[in-house]
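Okay, structure first, notes after.
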Amino acid sequence: MPEKTLQQLLEGNRRFVENRSTLDESESRRKALAAGQHPFAIVLGCVDSRVPPELIFDQGLGELFVIRTAGEVLDHAVLGSLEFGVAELQIPLIVVLGHKNCGAVKTASEILHNHEKAEADIEYLVKELALAVEIGDEEGDDHLDRAVRAQICNVVEQLKRLPMLKKAIEHEELKIVGMWYDLDSGTVELVIE
Ligand SMILES: [Zn+2]
C-alpha cells in the first residue's frame with residue numbers, strides 16, 4: 001500500500017511536468033467528497049508559493065492531506081496533525097517535501113552566519129533550521145542545496161522516531177520519505193526513503 005501510493009504521487013508529478021495535469025476539482029467531485037475524505041498521502045511541505053503540493057503532484061480535491069510550514073519546520077501542531085492523518089485517516093505515506101532555493105533555509109543561514117537574532121517567532125524557525133545549515137556548511141560549494149537536503153533528511157528521521165509513526169512503519173502500514181522539488185524543471189526527486 002505505501003509503495004503504491006508513492007508511485008501514484010510520482011506519476012502525478014510526471015503528468016504535471018509534461019503538462020498533462022488531470023486533477024479533479026469539479027463540482028461532482030466536491031459533492032461526492034462532502035460526506036468524508038480518504039486522502040492517500042500526507043505531504044509536509046514548505047510554505048513557498050511556488051511549491052503547492054496538489055499542483056506539483058497533480059492531485060485534486062480529497063487526495064492529499066497537506067501541512068505546510070516554512071522550511072518544513074516541525075512543532076507540536078505539525079506532529080499532532082501528522083499523527084492524526086496516520087491514526088484517524090489511515091494514510092499510508094508521509095512525504096517531507098523540500099525544494100530548490102528555499103527562502104526559509106536561506107534566511108536562516110544568513111541570520112546564523114551573521115550571528116544575528118531573527119524577529120519574533122521567526123527565531124523559532126531559525127533555531128529549528130540551525131542543524132541543517134550546519135550540515136550544509138560542512139563541505140562543497142552549494143551550501144544552500146546541501147542544507148535543504150539535510151533539513152529534509154533531519155525531518156524524516158525525526159518523524160521515524162515518533163512512537164506512533166514508528167509502530168505504523170513496523171506494521172508496514174506507513175512509509176515516510178523525503179523529496180526535493182526542482183523549481184525549474186518541476187520534477188521531484190527522492191532524497192531519503
Ligand atoms: Zn522553502
Side-chain angles (χ1 to χ4, degrees), residues 2 5-6 9-10 12-13 16 39-57 59 63-86 89 91-112 118 120-138 142-162 164-166 168-169 174-184 186-193:
T5 56
L6 180 57
L9 275 186
L10 295 174
N13 178 245
F16 168 72
F40 72 88
I42 298 174
V43 180
L44 168 59
C46 183
V47 289
D48 194 298
S49 62
R50 300 165 293 180
V51 195
E54 290 88 345
L55 297 185
I56 71 164
F57 290 115
Q59 303 299 328
E63 292 179 306
L64 296 183
F65 183 98
V66 176
I67 303 162
R68 296 174 70 174
T69 65
E72 310 86 63
V73 163
L74 300 175
D75 66 12
H76 284 290
V78 173
L79 297 182
S81 301
L82 287 164
E83 290 168 341
F84 176 79
V86 172
L89 300 172
I91 303 174
L93 178 69
I94 296 176
V95 176
V96 176
L97 179 68
H99 65 99
K100 193 176 197 171
N101 287 336
C102 181
V105 176
K106 189 164 181 266
T107 302
S109 171
E110 286 165 1
I111 288 170
L112 289 161
D121 289 315
I122 300 170
E123 182 63 12
Y124 176 78
L125 300 174
V126 173
K127 279 188 181 149
E128 290 294 305
L129 289 164
L131 176 60
V133 169
E134 196 182 306
I135 296 169
D137 285 347
E138 278 169 8
D142 201 343
H143 291 168
L144 175 59
D145 185 58
R146 288 166 49 80
V148 168
R149 288 167 190 270
Q151 171 64 2
I152 296 168
C153 295
N154 289 346
V155 172
V156 167
E157 296 301 340
Q158 282 184 69
L159 298 183
K160 283 183 176 173
R161 284 197 294 269
L162 294 174
M164 183 193 284
L165 303 188
K166 196 173 169 214
I169 293 169
L174 176 69
K175 194 175 170 72
I176 305 179
V177 303
M179 288 187 196
W180 179 86
Y181 174 71
D182 186 324
L183 294 176
D184 296 300
T187 51
V188 292
E189 156 190 330
L190 266 175
V191 175
I192 181 172
E193 278 195 76

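Here, residue 1 is the first one in the sequence, and each next residue gets the next number. Note: hydrogens, waters and symmetry copies are ignored here, and every other heavy atom, side chains too, is used. These numbers come from a predicted model, not from an experiment.
Under the 4.5 Å side-chain criterion, counting only non-hydrogen atoms from C-beta, Leu89 is not in contact with Ile42. Contact of the Pro53 side chain with the Leu64 side chain is registered, since non-hydrogen atoms from C-beta on lie closer than 4.5 Å.
A salt bridge (charged side-chain N to carboxylate O under 4.0 Å, His left out) check over residues 39-49, counting only residues at least two apart or in different chains, returns the pairs Asp48-Arg50. Under the side-chain hydrogen bond (donor to acceptor under 3.5 Å, both in side chains) criterion, no residue pair touches residues 120-133, with sequence neighbours excluded. The side-chain hydrogen bond (donor to acceptor under 3.5 Å, both in side chains) analysis of residues 64-78, with sequence neighbours excluded, yields no pairs.
For Glu63, the side-chain contact (heavy atoms from CB on, under 4.5 Å) partners are Arg29, Phe40, Gln59, not counting sequence neighbours. Here Ile169 pairs with Lys160, Leu174, Ile176 under the side-chain contact (heavy atoms from CB on, under 4.5 Å) rule; sequence neighbours left out. Shown here are the side-chain contact (heavy atoms from CB on, under 4.5 Å) partners of Ile135, two or more places apart in sequence or in another chain: Leu131, Glu138, Ala150, Asn154. Residues forming a side-chain contact (heavy atoms from CB on, under 4.5 Å) with Leu112 (at least two apart in sequence, or on another chain): Val126, Ala130, Val133.
Here the CG-CD distance, from Leu144 to Glu110, works out to 9.0 Å after rounding to the nearest 0.5 Å. Atom CE of Met164 and atom CG of Leu79 lie 11.0 Å apart (nearest 0.5 Å). Rounding to the nearest 0.5 angstrom, the gap separating the CD1 atom in Ile56 from the OH atom in Tyr181 is 5.5 Å.
The two residues Gly178 and Ile152 come nearest to each other via the heavy atoms CA-CG2, 3.5 Å. The shortest non-hydrogen separation linking Ala118 to Ile111 is CB-CD1, 3.7 Å. Between Ile67 and Ser81, the shortest heavy-atom contact is CD1-CB, 3.7 Å. In this structure, Thr5 and Pro2 approach most closely via the heavy-atom pair OG1-O, 2.7 Å. Of all heavy-atom pairs spanning Ala70 and Leu125, the tightest one is CB-CD1, 3.8 Å.
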Donor-acceptor pairs are to be reported for all side-chain atoms of residues 186-193 against protein atoms at under 3.5 Å, with residues two or more places apart or in another chain.
from   : atom 1 : to     : atom 2 : distance (Å)
Thr187 : OG1    : Ser185 : OG     : 2.6
Glu189 : OE2    : Arg149 : NH1    : 2.8
Glu189 : OE2    : Arg149 : NH2    : 3.4
Glu193 : OE1    : Lys175 : NZ     : 3.1

List the atom pairs, donor and acceptor, that lie under 3.5 Å between side-chain atoms in residues 92-108 and the rest of the protein, sequence neighbours left out.
from   : atom 1 : to     : atom 2 : distance (Å)
Lys100 : NZ     : Asp182 : OD1    : 3.4
Lys100 : NZ     : Asp184 : OD2    : 2.7
Thr107 : OG1    : Gly103 : O      : 2.7

